[in-house]
Amino acid sequence: MLRPAQLQDFDLQSYFGLPAVAKKLQGLRCDKCGWETIDAATLYAVGDALAGLLLESPERMAPQVLRFMRMRLDLTQQELAKKMGLSRKTINEWETKGRISPQNDLLLRTLVYTHLAESFRPRLGVLDHVRMAAPKKLAPVIVSVPRIDRAASVFG
Ligand SMILES: [Zn+2]
């Protein structure tokens, strides 16, 4: 049975395609097999917290980061292309090869920043606990994305 628990190192790679671990996250743990998961609202908040941290990095965004940012905006490649006045091919090239221009990097950051300002969920307090980890340090743990209907049933 899944019970509320504080998860020490929750691997976010399978959710976001990035080498990231959430520390001390409120989640759920199976008291039989130890399987850990988080509900949909927490997953969403963690994603936004991770995006906020990535926005602070001065590095030009890498392909997997560009893809992650588009997913935070909940846009398809076509939709993001239209919003930025670019072709879908250009967006696809960012997400496969990188090479986003400094101008477009800044424009995309602005779009994500605006999105975060609108959707920020302070109640979960996860901002202090999400850190990027080097890929080699990640535990090889695969977690399944929790289905929203199950999360809803757990929390009534
Ligand atoms: Zn179990």
Side-chain angles (χ1 to χ4, degrees), residues 1-80 83 88 91-98 100 105 108-109 111-156:
M1 180 182 178
L2 287 172
R3 296 183 190 283
Q6 190 179 68
L7 314 180
Q8 287 306 311
D9 292 287
F10 192 74
D11 186 3
L12 300 170
Q13 174 88 46
S14 61
Y15 292 91
F16 300 124
L18 294 169
V21 177
K23 300 275 187 186
K24 296 179 184 169
L25 201 59
Q26 281 306 313
L28 301 163
R29 184 181 296 120
C30 175
D31 56 11
K32 289 233 164 57
C33 68
W35 182 73
E36 294 176 343
T37 190
I38 55 179
D39 67 90
T42 304
L43 181 65
Y44 196 89
V46 168
D48 279 356
L50 183 56
L53 283 167
L54 290 166
L55 286 180
E56 289 174 9
S57 166
E59 301 289 317
R60 193 94 56 87
M61 289 188 279
Q64 62 270 44
V65 175
L66 290 162
R67 179 177 165 78
F68 168 75
M69 290 302 185
R70 176 172 60 75
M71 303 305 271
R72 291 326 295 163
L73 294 170
D74 199 22
L75 296 174
T76 63
Q77 289 187 346
Q78 185 68 56
E79 288 164 344
L80 180 61
K83 217 176 177 64
R88 194 200 64 81
I91 307 294
N92 188 56
E93 281 176 1
W94 294 350
E95 296 182 8
T96 51
K97 302 173 193 150
I100 185 172
D105 183 292
L108 181 56
R109 282 169 197 258
L111 289 174
V112 174
Y113 184 84
T114 306
H115 165 79
L116 293 182
E118 287 166 356
S119 72
F120 186 59
R121 287 160 169 69
R123 76 175 175 85
L124 290 155
V126 294
L127 270 171
D128 292 339
H129 301 305
V130 181
R131 293 285 181 273
M132 294 299 288
K136 285 171 191 164
K137 289 180 182 171
L138 285 176
V141 175
I142 304 298
V143 287
S144 306
V145 177
R147 284 178 21 213
I148 288 172
D149 57 351
R150 185 174 68 192
S153 69
V154 166
F155 291 101

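Atoms within a ligand are numbered from 1 in the order they appear, just like the ligands themselves. The chain is numbered in sequence order, starting from 1.
- Residues Ile91 and Gln78 have side chains not in contact (no heavy-atom distance under 4.5 Å, counting atoms from C-beta outward).
- Atoms of the protein (N, O or S only) found under 2.8 Å from the Zn ion (ligand 1) are Cys30 SG, Cys33 SG.
- Between Lys23 and Gln8 there is no side-chain heavy-atom pair separated by less than 4.5 Å.
- Counting heavy atoms from C-beta outward, Gln77 and Glu79 have side chains that stay 4.5 Å or more apart.
- Side-chain contact check for Asp105 versus Trp94: every heavy-atom pair is 4.5 Å or farther apart.
- Side-chain atoms of Arg88 never come within 3.5 Å of backbone atoms of Leu80 as a donor-acceptor pair (strictly under, hydrogens ignored).
- A donor-acceptor pair under 3.5 Å is absent between the side-chain atoms of Arg29 and the main chain of Gly34, judged by distance alone.
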